[in-house]
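These notes are about the structure you will find just below.
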Number of protein chains: 2
Amino acid sequence: MINYPQSSRIFLAIDCIIFGFDGKDLKLLLIKRNFEPERGKWSLMGGFLEPSEDLEVGAARILHDLTGLKNVYFEQLAVFGKTDRDPGERTVSIVFFALIKIDEHDSESVRSHNASWIVLDNRPSLIFDHNEMVLKAIEHLRYKAALHPIGFELLQERFTIPQLQKLYEAIYGIPLDRRNFSRKLLSTGLLIDTGFKNSNSTTKKAALYKLDIEKYTEQFHSFWNFMPDSMKQN
Amino acid sequence: MINYPQSSRIFLAIDCIIFGFDGKDLKLLLIKRNFEPERGKWSLMGGFLEPSEDLEVGAARILHDLTGLKNVYFEQLAVFGKTDRDPGERTVSIVFFALIKIDEHDSESVRSHNASWIVLDNRPSLIFDHNEMVLKAIEHLRYKAALHPIGFELLQERFTIPQLQKLYEAIYGIPLDRRNFSRKLLSTGLLIDTGFKNSNSTTKKAALYKLDIEKYTEQFHSFWNFMPDSMKQN
DNA sequence: GCAAAAGTGTTCACATTACACCCATGT
DNA sequence: ACATGGGTGTAATGTGAACACTTTTGC
């Protein structure tokens, strides 16, 4: 029999950073806590890992519980484990990074958790080390969206190039050239023209594209660069 | 008082993937276990997180214990937490990714832990999910070395451009063009010519450079591309 | 002198940039 | 007709890839 030191058992939490995009602003799904600890303050959605569940199962459970969605894009972001990060008991938190299609979530479950979509730039201060977690998630979003086509996870299945451009402008906080952006995207060969047009527009209706899932999967590990070169200096 | 569910306390381990480079091959520092569980088999170096220590402190402790080195480059890689990953007790492992300058380690401490430097491509099968951890670490090394100047962490303070090229060739497993590589590196402005020459060489002695730490720190977040474009297709 | 490795130069192809211009739509 | 936003074209510039050639060193 093996001697596992009893003292090493530690509380393991999961916290989720959930990004959405409404066509104009990047948003975070945050909860105003109506439970202890830190009742009344804002925080990320989280919970404890159950002993019987794998990490990803736990994250999916928490995400589904809040948004009503399955098949959400998420991945591990980092582990936060400073000894004093939770003033109650020592708790190590595994932080997940999630992107959801904002129109598809279940707003009833969001309301019942006392959660709201908050524009990223106007977010309130959060409890514990959740502010740091969000900063890390923003950095990761910028890093990853430049190299991988994860931006698509924030849009509906069919989207227009101008919508995608607004998303990238929101992620990097800079304006992009319409014409160059369009060509850059189309040249990847990842977009399939659905033949439909965006009927919401009041002016010229933009073409609706969808992602070529097959190529997307094939090329997932290639390192693109959707980020403009002008950002590479910093 | 807050009700933290007692059932959520879980064993938290730390495992370290330690890369080194001997001028020719990428190597891993692995231990042949002379303790339970899985005595006699190969594994990564690890240990339990102590309740009083931060995650990074724990990782630094384990790395120092094995190599005798402080100030090792390391970062979180991922958390492995499948319910059945450790057949003994449920254990969640936080995996760290470390790069060390292979000539500077304390080979006495390594020997006393029954550890060895193993050429990456000849590594034995490891216990538990440690093989997966290594695969993830290799992917991370490739990903990161393409975009950040972390390769330098594997070389001595003073190095030649051909040495650096051999390192990148080992990381990506492909030959690189000498002339283009050299120009690409020098054009970053990150290398300072020390004025010394590599005296080991039996032919023309290459110039010894060192990293411009200031620029390195400044530009750490810019996304370079040390990887040849030819690899971007897959 | 010669082999082996280091260092420099040049050309070509292609991607990025910064523009101007045209098209579709609702009022 | 015109304002608004979508779509295409193009010339100048910069970068990467594929080369040839020269220099240094030990034997």
Side-chain angles (χ1 to χ4, degrees), chain A residues 23-24 146-147 155 158-170 172 174-210 219 222-233, chain B residues 23-24 145-147 155 158-170 172 174-210 219 222-234:
Chain A
K24 184 162 163 289
L147 304 171
L155 300 173
R158 288 179 186 172
F159 53 86
T160 69
I161 292 186
Q163 282 167 356
L164 192 60
Q165 184 183 339
K166 288 203 183 68
L167 171 58
Y168 274 88
E169 289 177 333
Y172 296 109
I174 53 164
L176 297 172
D177 185 276
R178 206 163 38 85
R179 295 141 306 183
N180 294 334
F181 183 82
S182 167
R183 231 171 326 100
K184 197 163 185 174
L185 257 292
L186 290 173
S187 74
T188 63
L190 274 180
L191 302 190
I192 299 173
D193 191 333
T194 63
F196 293 91
K197 301 279 177 179
N198 180 9
S199 52
N200 295 342
S201 173
T202 168
T203 64
K204 182 168 178 177
K205 288 158 176 28
L208 283 163
Y209 291 88
K210 63 176 182 178
Q219 302 185 359
S222 73
F223 300 4
W224 289 309
N225 236 326
F226 290 136
M227 196 181 53
D229 284 1
S230 58
M231 274 204 62
K232 290 194 195 176
Q233 301 316 311
Chain B
K24 182 162 165 291
L147 304 171
L155 300 173
R158 289 179 185 171
F159 53 86
T160 69
I161 292 186
Q163 281 168 357
L164 192 60
Q165 184 183 338
K166 289 204 181 67
L167 171 56
Y168 274 88
E169 289 177 334
Y172 297 108
I174 53 166
L176 297 172
D177 185 275
R178 206 162 40 83
R179 296 142 302 182
N180 294 334
F181 184 82
S182 167
R183 230 174 322 101
K184 198 164 185 174
L185 258 292
L186 290 173
S187 73
T188 64
L190 275 180
L191 302 190
I192 300 172
D193 190 333
T194 64
F196 293 92
K197 301 279 179 180
N198 180 9
S199 53
N200 296 341
S201 173
T202 168
T203 63
K204 181 169 180 177
K205 288 159 177 29
L208 284 163
Y209 291 88
K210 63 177 181 179
Q219 301 184 1
S222 74
F223 300 4
W224 288 311
N225 235 326
F226 290 136
M227 198 181 55
D229 284 0
S230 57
M231 274 203 64
K232 291 193 194 178
Q233 300 317 311
N234 293 300

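Values below: all heavy atoms of this structure, side chains included; hydrogens, waters and symmetry mates excluded.
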What are the atom names and distances for every N/O pair under 3.5 Å that joins the protein to nucleotides 10-15 of chain C?
| unit_1 | atom_1 | unit_2 | atom_2 | d |
| --- | --- | --- | --- | --- |
| C:dT10 | O4 | B:Arg183 | NH2 | 3.4 |

Starting at CD of A:Glu169, measure out to CZ of A:Arg178 and round the result to the nearest 0.5 Å. 11.0 Å

From CG of A:Leu185 across to P of D:dT8 the rounded distance in Å is 13 Å

From CG of A:Leu164 across to P of D:dG6 the rounded distance in Å is 13 Å

Spacing of A:Asp177 atom CG relative to D:dT8 atom P, expressed in whole Å: 14 Å

Which atom of A:Thr194 lies closest to which atom of A:Tyr209, heavy atoms considered: CG2-C, 3.9 Å

Whole angstroms only, please: what is the CG-P distance between A:Leu186 and D:dT8? 8 Å

Could you tell me how far apart A:Leu176 (CG) and D:dG6 (P) are, to the nearest whole angstrom? 14 Å

Hey, does the side chain of B:Tyr172 reach the backbone of B:Ala146 with a donor-acceptor pair shorter than 3.5 angstrom? yes

How many angstroms lie between atom CG of A:Leu167 and atom CG of A:Leu155, to the nearest 0.5 angstrom? 5.0 Å

Between A:Lys184 and A:Asn180 (side chain of the first, backbone of the second, donor and acceptor by atom type, cut-off under 3.5 Å), is there such a pair? no

Listing time: all N or O pairs from protein to nucleotides 21-24 of chain D that are below 3.5 Å?
| unit_1 | atom_1 | unit_2 | atom_2 | d |
| --- | --- | --- | --- | --- |
| D:dT23 | O2 | B:Lys204 | NZ | 3.3 |

Could you tell me the separation between the NZ atom of A:Lys197 and the C1' atom of C:dC23, rounded to a whole number of Å? 10 Å

Separation of C:dT25 C1' from A:Asn200 CG (nearest whole Å): 14 Å

At what distance, to the nearest 0.5 angstrom, does CD1 of A:Ile161 lie from CG of A:Asn198? 12.5 Å

Under the 3.5 angstrom rule, does the side chain of B:Gln165 hit a backbone N or O of B:Ser182 as a donor-acceptor pair? no

I need the NZ-P distance between A:Lys184 and D:dT8, as an integer number of Å. 18 Å

Are there more than 12 heavy atoms of other residues, nucleotides or ligands under 6.0 Å from atom NZ of B:Lys210? no

Would you check if A:Asp193 and A:Leu191 make a side-chain contact, meaning some heavy-atom pair closer than 4.5 Å? no

